[in-house]
Amino acid sequence: MSIGYPCITIGVENTQQKTCRKRNATEEHLRTLIDHNLTALKNIIEFNAEHNIKLFRISSDIIPFASDKEVNTLNWSKEFSNQFEELGRLIKKHGIRVSMHPGQYTVINSPDEGVVSRAIADLNYHTLFLDSLGVDEASKLILHVGGVYGDKKAAVNRFVQTYHGLNERVKNRLVIENDDRSYSIEEVLSISERTGAPVVYDNLHSAIYTSDPDKSDTYWINKVKSTWEEKDGRQKTHYSQQQFNNRTGSHSKTIRIDEFMEYYNEVKNLNIDIMLEVKDKNLSAVKCILSTNENGTIKELEEEWSRYKYVVLERSQKIYQSIRLLLKDKNAYPVIQFYRLIEAAIDQIPSNNSALNAASHVWGYVKKEAKEKEKTKFKRLSEAVAKEESELKRLKNFLKQMMEKYDQHYVLESLYFEF
DNA sequence: TTCTGTCAAGCGATC
DNA sequence: GATCGCTTGACAGAA
């Protein structure tokens with residue numbers, strides 16, 4: 001089983017994707033952006049390899065306006081073929097399975113022909129991107145069924161009809177997913193019967209929208225399994241949790257580990273890949289991978305701790321001490337307790353005092369080298385935080401600048417500036 | 001330098 | 001029929 005995350009990373013240097021506005025999309029500017037984004041992808045792949053993350057969704061925005069031939073006229077696949085080859089080699093070398101997922105705006109069953117032809121162009125773009133990497137058919141392209149338009153039967157028929165007219169290369173990668181308001185898992189399954197497309201089961205969507213709420217996740221995962229053939233690779237699923245107090249269907253900030261482990265224990269023998277849909281992306285992927293690793297070592301937790309420690313200290317001295325104590329036994333691997341404590345800390349809002357405490361720890365990395373003027377500024381900003389919580393952002397921005405100026409990579413690679 | 005509004009996409013609910 | 005909300009991170013111009 002592989003566990004992965006979509007599109008972007010939190011707290012990993014040089015992995016940020018760039019884009020632009022249509023009106024600024026000159027050929028030259030697009031070239032710069034594509035070059036930048038492919039380099040960022042390479043850095044993401046390397047990060048994933050280092051952290052044993054074998055599943056990753058590539059952002060649809062990686063080639064800006066790729067499916068709009070009037071805006072992006074570049075032959076990017078050919079022009080950047082060297083970078084694509086290198087990326088493909090890297091992906092294969094590390095055994096990473098990549099995928100893509102056009103968003104809610106790519107709709108092939110619309111009654112509007114213009115919408116459909118743009119959607120087809122978009123699918124062609126995604127397919128060309130994956131083909132350019134040289135990855136096999138197990139690298140999938142995930143799509144929702146689309147709209148209902150007041151007549152679901154007709155809408156489904158249009159989906160099936162358009163599907164059959166798609167390029168073979170697209171069809172070889174295309175997978176359909178249940179959504180949370182229009183097409184339930186049972187409806188997607190019946191569309192799969194008519195198209196042959198494999199099905200991705202999404203647990204949260206199904207919890208929100210299904211005609212059969214009594215059926216379990218395992219029931220549907222088993223049911224859907226037969227839509228996956230050998231050439232499609234391992235069955236893929238999407239997993240997410242509801243963010244409390246948000247709109248139904250909102251993805252949680254982080255994967256709550258106890259809830260995940262309950263799910264994992266039910267599905268671990270079903271031979272699936274799990275794509276986590278969650279706001280904190282790679283952080284939850286690493287969390288879930290370490291939590292399900294029976295041969296994990298304390299060293300891996302110590303590495304995690306080095307990234308989280310100031311985030312925790314900023315919120316709770318008590319939890320900070322508890323985690324230090326927890327990691328004392330070098331032969332143990334208390335991974336679940338560790339993440340429970342991290343989650344408990346992140347749930348808290350930093351008080352002025354605890355935030356200042358963490359800030360002064362971080363300041364400690366540079367205070368010897370700092371110029372008088374910088375020391376004064378730190379003092380002034382700290383005093384402001386003591387009076388007014390809203391000033392914390394200003395103080396942390398200043399600290400980040402200082403860490404960059406004095407090359408304090410230990411702090412910069414931590415998550416202190418990400419929370 | 002920091003903040004706020006805008007972009008880009010299509011559906012569907014609401015007035 | 002027109003408008004807004006949904007979603008998302010980053011752009012882009014204002015302050």
Side-chain angles (χ1 to χ4, degrees), chain A residues 5-12 14-26 29-30 32-34 36-37 40-41 44 57-72 100-123 125-126 142-152 154-156 158-159 162 177 179-183 202 204-205 208-209 238 240 242-243 246-253 277-282 377 380-381 384 390-402 404-405 417-418:
Chain A
Y5 68 99
C7 303
I8 60 173
T9 59
I10 308 287
V12 185
N14 305 317
T15 58
Q16 205 181 34
Q17 298 281 323
K18 283 178 185 269
T19 183
C20 68
R21 296 288 181 262
K22 261 185 176 178
R23 60 177 178 275
N24 299 325
T26 61
H29 189 45
L30 285 170
T32 314
L33 293 174
I34 293 167
H36 172 95
N37 288 349
L41 176 60
I44 291 176
R57 179 190 302 162
I58 297 169
S59 167
S60 292
D61 298 328
I62 191 156
I63 310 288
F65 305 105
S67 59
D68 191 336
K69 289 279 174 258
E70 298 202 346
V71 179
N72 187 335
M100 296 180 93
H101 186 6
Q104 57 185 307
Y105 304 110
T106 304
V107 182
I108 67 166
N109 77 336
S110 175
D112 181 330
E113 284 177 24
V115 171
V116 176
S117 67
R118 285 191 290 277
I120 292 171
D122 202 42
L123 294 179
Y125 145 61
H126 284 86
I142 289 108
L143 186 70
H144 290 291
V145 178
V148 174
Y149 315 94
D151 183 349
K152 193 174 265 187
V156 168
R158 275 198 307 276
F159 182 93
T162 310
E177 180 192 354
D179 65 75
D180 59 359
R181 62 172 183 177
S182 301
Y183 293 95
D202 183 302
L204 185 60
H205 291 162
I208 295 163
Y209 186 73
H238 288 177
S240 55
Q242 173 70 40
Q243 175 65 41
N246 272 32
R247 179 194 62 86
T248 304
S250 272
H251 292 153
S252 61
K253 289 190 182 122
E277 296 189 315
V278 60
K279 304 267 189 239
D280 72 354
K281 311 292 180 185
N282 52 307
K377 188 165 182 186
R380 179 168 57 79
L381 290 171
S390 57
E391 296 293 317
L392 181 58
K393 208 176 158 192
R394 215 181 288 275
L395 174 63
K396 287 179 77 170
N397 282 345
F398 171 68
L399 282 172
K400 192 175 180 190
Q401 281 172 26
M402 289 295 99
E404 279 163 357
K405 179 176 174 186
F417 297 112
E418 306 295 331

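Heavy-atom basis, side chains included; hydrogens, waters and symmetry copies ignored. Just so it is clear, the structure is predicted and the values come from calculations on it, not from any experiment. Each chain gets a letter, A, B and so on, in the order its sequence line appears, and its residues count up from 1.
Protein atom NZ of A/Lys400 is 14 Å distant from nucleotide atom C1' of B/dT1, rounded to whole Å. One interatomic measurement links the two molecules: NZ of A/Lys377 to P of B/dT1, which rounds to 9 Å at whole-angstrom precision. Taking atom CZ of A/Phe398 as the reference point, atom C1' of B/dT2 lies 16 Å away to the nearest angstrom. Atom pair A/Leu399:CG and B/dT1:C1' shows a separation of 17 Å (rounding to whole Å applied). Nucleotide C/dA10 holds its P atom 10 Å from the CG atom of A/Asn37, rounded to whole Å. Distance, A/Glu277 CD to C/dG9 P: 13 Å, rounded to whole Å. If you take CG of A/Asp180 and P of B/dA13, they are 13 Å apart, rounded to a whole angstrom.
Considering only side-chain N and O atoms, A/Gln16 lies nowhere under 4.0 angstrom from the phosphate OP1 or OP2 of C/dG9. Proximity of A/Lys279 to the phosphate of C/dT8: a side-chain N or O atom is located under 4.0 Å from OP1 or OP2.
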When you compare the protein's N or O atoms with those of nucleotides 8-12 of chain B, which come within less than 3.5 Å of each other, and at what distance?
unit_1	atom_1	unit_2	atom_2	d
B/dA8	OP1	A/Lys22	N	3.1
B/dA9	OP1	A/Lys22	NZ	2.8
B/dA9	N1	A/Tyr105	OH	2.8
B/dA9	N3	A/Tyr105	OH	3.1
B/dG10	OP1	A/Arg118	NE	3.0
B/dC11	OP1	A/Ser110	OG	2.9
B/dC11	OP1	A/Tyr149	OH	2.5
B/dG12	OP1	A/Val148	N	2.9
B/dG12	OP2	A/Val148	N	3.4
B/dG12	OP2	A/Tyr149	N	3.3

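Geometrically, A/Arg158 engages A/Tyr149 in a cation-pi contact defined by less than 6.0 Å to the ring centre and at most 45° from the axis.
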Please lay out, stage by stage, how A/Lys279 and A/Ser252 fare under the test side chain to side chain contact (heavy atoms under 4.5 Å, CB included).
CA-CA 6 Å; A/Lys279 304 267 189 239; A/Ser252 61; over 6 Å; no
Step by step, would you call A/Lys22 with A/Phe65 a side chain to side chain contact (heavy atoms under 4.5 Å, CB included)?
CA-CA 8 Å; A/Lys22 261 185 176 178; A/Phe65 305 105; 3.5 Å; yes
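No donor-acceptor contact under 3.5 angstrom links the side chains of A/Asp61 and A/Thr19, judged on distance only.
With respect to A/Arg57 and A/Glu277, a salt bridge is recorded, a charged nitrogen being found less than 4.0 Å from a carboxylate O.
Scanning for side chain to side chain donor-acceptor pair (under 3.5 Å) contacts around A/Asn282 gives an empty result, with sequence neighbours left out.
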